[in-house]
Every structure is written in C-alpha cells, then in structure tokens.
Amino acid sequence: MNLLSRFTKPDYLSGEDFLKNYSYTVPKGFNFVRDVMDEYASLVPAQLAMIWTNEHGDERKFTFRDMSLLSKKAANALRAMGIGRGDPVLLMLKRRYEYWLVALGLMRLGAIQIPATHQLQEKDITYRVQAASAKAILCVGEEELAQHVLLSKEKCPELKCVACLGGPREGFLDFDALLRSASEEMEDCYTPEEEDIMLLYFTSGTTGMPKMVAHDYRYGLGHLITGAFWHNLTDQSIHLTTADSGWAKCGWGKFYGQWIAGAVNFIYDFDKFNARKMLEMLEKYRITSFCAPPTIYRFLIKEDMEKYDLSALKWATCAGEPLNPEVFNQFRRMTGVKIHEAFGQTETTPLLLTHKWMEPRPGSTGVPSPHYQIHVVDREGRDVEAGEEGELCVDVREGRPAGLCMGYYRDPEATEKVFRQGMYHTGDMVWKDEQGYYHFIGRADDVIKSSGYRIGPFEVESALISHPAVIECAITGVPDPDRGQVVKATVMLTKGYEPSEALKKELQNHVKRVTAPYKYPRIIEFVDELPKTISGKIQRAKLRKQDEQGIREKQ
C-alpha cells in the first residue's frame, strides 16, 4: 500500500488532468516521521522500506516497522547526547543507512538536521558549525574526516559533542554503542509549529560564503510530485537515486516523496563511482526506477550495457545539470527507457519536470510543476512570451507552497533579495517553446555544475588566493563532454612566480587541501590581468564567453 491518497489525488487520468487539477493537503502539525513512517509501520509493518548495500557486499533490509523502531532508538541516542528541540546537528554520514535513522530521529525530537558532504575540510566544518550554532556533529568514523572534525571542535565552543560511526574513537562519542543501547520506546513525537525549521541546507556560495537554506516540516510534502509523478513510483517500485546524503538531491531522490509513494529506497553505499559496479547493482537488485545526474549516464553508456540484464528497469530520471541529447538517445537505445528530466534548487522541490504522462524532449526540462505557480519574467517583473528569455519565479502572493524554503537562516537581507514583489526569484534563466516545453539557459549568478555537484566560485577563489603565488583569480565553468562542466581557474600570479605545469599541479593540490577536493580547478590558465567592470568586479561572463569561443574554434 501507499499513503499518497492522504495528501493528494493518486489517480489523475492524464497529464492534462494532473496539470489542471493537482492539489495537496498539509495535515495540521505534519511531521513526516509520524504521519508517514509510523503510519506505514502501523498499517503494513512488514512492507519493505529500504535495501542498503555497500561496495564490500554487506547488505541490510529494513521494513517500515524497522525504520519506525530504529528511528526511535536514534532519537533516544540523540537525547543521550543532549540534543533536543531546535538544536541543529551537522550530519556527515555519506550513504550509511544510519543517516536515515538519525534524520528521522531528529524529526521526532524537533531538532534540526544539517546534511553535509564528508569531503568538507576543517575550515568548511568550522564555518558551518559557527554559522548555524550547531550543537553536535555526527560523522562517519574515517581518519581524515575525524581529524578535521576534532580541529573544528577546538574552535567551536558551542558544540555540545561530536560522535561518529564505526566504533570507539578518541575524542568522539561512539554512536554505534549509543544506538545499540537506546530504548526503542518513545511515546512523544514532536508536533511542529508553523515556523519550525526541520532542515538546513548550505548553498554553494556563489557571491559569498554558503548561505543556509531553511526548510520547514512541510518540505516532505513538497516532494509528493517528485516520487509519484516524476519518478513514477508505486509500492511495487525499487528506486535508486545515486546522491550522497550530504546533498539536497538526497532529499529529492531517496527520502520523502519515494516513501510517501510506498516505494523501496535502494541505497548503494560507495566511495568512488564505478559504472560497471552501478550496472551490477541495477541488475542484481532488479531496480525499477533510476535517477542520476547526466554525468553518471554519460559513464554508463560508455560501458557494454548489453552484458547486463536491465529488464526490470522501467523508468529513468535526471536532474542537476542539462541532459545532453546524445546521452538521452544512447541510453534509450541501450535500455529502451527514456530519461525524464527535471529542474529545481536546494531552495525548492522540482519546479520544472517531465512528468510521467509527458513525452521527454531532449534539451528540455519539461513543464512547470503544478505544485507551484510558475512565472517567467523579465527584469521589470512582467511575464515574457514564448521564445523569450526570462527568470524563473514562483508566485507566493497566496502563501508559500510546501517545499519552498522559508528563506536564508540568519540572513534577512539575502531572504529579501529572493522574496520580493510577491515572487520567489530563482535567479535561473529559462525560455518556453511554442509547444510549452521549458528550456534551461543558466544561472543569473555563476554557480558551476560539475558531475552533479554545485560549486560556488567564491570558495574556490578563496582557497586559491590563500596560496602565496596567487594575487587574483576568477573561477568559471567550462563545458565538458563527461562532467557537464569542469572548474577553470584564471589566475594572476604574484610577482616572483612564473607560470609552469608544476605550479598548476601545486595550486590544484593546494585547493584540494584547503577545501572539498571535488572543487579543485581541473583547468588553470595564467593571465596578466582579468577582465573587470568599471567598478572593479571581475567579468566571469566574459571569461566564459572567451572559453566557449575557443572551444568552437577547435571543433
């Protein structure tokens, strides 16, 4: 069974019916763990909720009853750590199954989860703890990350404690032991108030350090469409989204909407993506629905996919960056499955999507989600005509829809910048064709999308400038056939340094050491000066245009 009918109509007759008549219900005091997970545990306790496996062949299966009881144990373990209502907790748990137990446990307490990537360095962790006033850190028990966390702890007196998975470790509470010994009895589940924060995501920091996107407890209902009408899931589905738990795409693809639809969340816990191993998982576990960024599809189609029995696969989706038509066509040829694209932000759930009744059109992200009142506007805020470029916006004059962020935590100026004139302004530019399909153009800012990651230039620039050889630099994205984009650094050197391949390598390694390694510039170009506006701002758009021109000339 599934609980979809409690929140929306489950059986729209057509795409037209869906787009015209979609509506949803938010129960008073909605809390996902009580109103979805505990309900399943009561009604269908033996129904499978999650299959988890890792690169080493370890495997665990969890029913909804398991998820309910174990999340109560997690909540009690968190209480033992001193965590209570409103306390922010930083989670760096990769794809360990404990992430889902802890996230649900935090909902039971009314505490705030802050998912983060395990690739953060000490300065990244310290910034996040201090910005959010985090009370605890829970991380995987791996040596490098553990050292970064302990260094951060020394600078963050507000931290009550740090805990890790993987057994006893000096300086950390042993969360495995806390979880084992915790009671599975817990009568009180927090009933949220309207403005309670459930979830904080850190953005990519396009114009400064990362901002904190605040979501309330209605966020899960913002993904009603994600699971049922984009991923096309039912209680017979086994769904795999590749995202790590530290990214918002995890909330999109392996949590809220998928469980509301009654599907099994399949979690493949890996450190480094391997296309052959991913194909083996799809075959072995008879995955029916698959979601990944286009980069992963690019690597999959380079393999001999005909060697694998993918007959169970009925549906495929992608988000994170524009999908190349050639990838769409090759994947369809190899599997018979069309890829359905969608687009949204950390601040939202899907804004544009190729819903389950639609014929995918390569190069298009689909149509506006009926969950939102979407407008495409010019600089004066007027709706543009088909074929015209404009900014994608959400009408909030009748209230903020479930799934749209509350704003930026502790940053009213940034919040007012995006919520203005009765609209939420995404900063993303799109256009609509004559058939009503929407096409993504790019950010109004400079965020880089590479291999499914969103990378803000400011953090990489800050890392580079901390090297004595760099006096000034600009970070941009360069088109790449495999990764979508790669990070490029255009660098002005300090007097006394000369350009060389050795210096390029040194700067790349420097960035890997001082910030998350995936952000390092794969391309470095040395220049005598950077293009700037009259006011002295670096013209990244001009650099991108020069790179694109150079690529065209080489083709």
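Note that the coordinates shown come from a computational prediction; the quantities given were computed from them, not determined experimentally.
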Using a 3.5 Å distance criterion without hydrogens, assess whether the side chain of [X] forms a donor-acceptor pair with backbone atoms of [Y].
X	Y	value
His239	Gly253	yes
Thr515	Val511	no
Ser369	Leu351	no
His371	Ala402	yes
Ser450	Gln485	yes
Lys488	Ile523	no

With a 4.5 Å heavy-atom cut-off, do [X] and [Y] have their side chains touching?
X	Y	value
His148	Leu120	no
Val527	Met492	yes
Met429	Leu392	no
Val470	Tyr497	no
Leu224	Tyr22	yes
His215	Met198	no
Ile524	Gln508	yes
Phe270	Met281	no

Presence of salt bridge, [Y] and [X], under 4.0 angstrom:
X	Y	answer
Glu158	Lys135	no
Asp269	Lys94	no
Glu385	Lys432	no
Glu142	Arg96	yes
Asp244	Lys249	no
Arg522	Asp480	no

Quick check: are there more than 12 heavy atoms from other residues, nucleotides or ligands sitting under 6.0 Å from [atom1] of [X]?
X	atom1	result
Arg420	CZ	yes
Arg361	CZ	yes
Gln435	CD	yes

Within 45° of the ring axis of [Y] and under 6.0 Å from its six-membered ring centre, is that where the NZ or CZ of [X] lies?
X	Y	result
Lys356	Phe229	no
Arg400	Tyr424	no
Lys449	Phe440	yes

Quick one: are the ring centres of [X] and [Y] less than 6.0 Å apart?
X	Y	value
Trp315	His231	no
Tyr408	Tyr201	no
Trp247	Tyr453	yes

How far does [atom1] of [X] sit from [atom2] of [Y], to the nearest 0.5 angstrom?
X	Y	atom1	atom2	result
Leu90	Ile125	CG	CD1	7.0 Å
Cys393	Asp395	SG	CG	9.5 Å
Thr226	Gln258	OG1	CD	7.0 Å

Pairs meeting criterion salt bridge (Lys or Arg N to Asp or Glu O under 4.0 Å) with involvement of residues 118-128, two or more places apart: Glu122-Lys155

With sequence neighbours excluded, tell me which residues meet side-chain contact (heavy atoms from CB on, under 4.5 Å) with Ala103. Tyr99, Gln113, Phe255

Parallel, tilted or perpendicular: which fits the ring planes of Trp252 and Trp230, with parallel below 30° and perpendicular above 60°?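 Rings of Trp252 and Trp230: perpendicular, as their planes differ by over 60°.
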
Anything under 30° is parallel, anything over 60° is perpendicular, the rest tilted; go ahead and classify Tyr219 against His223. perpendicular

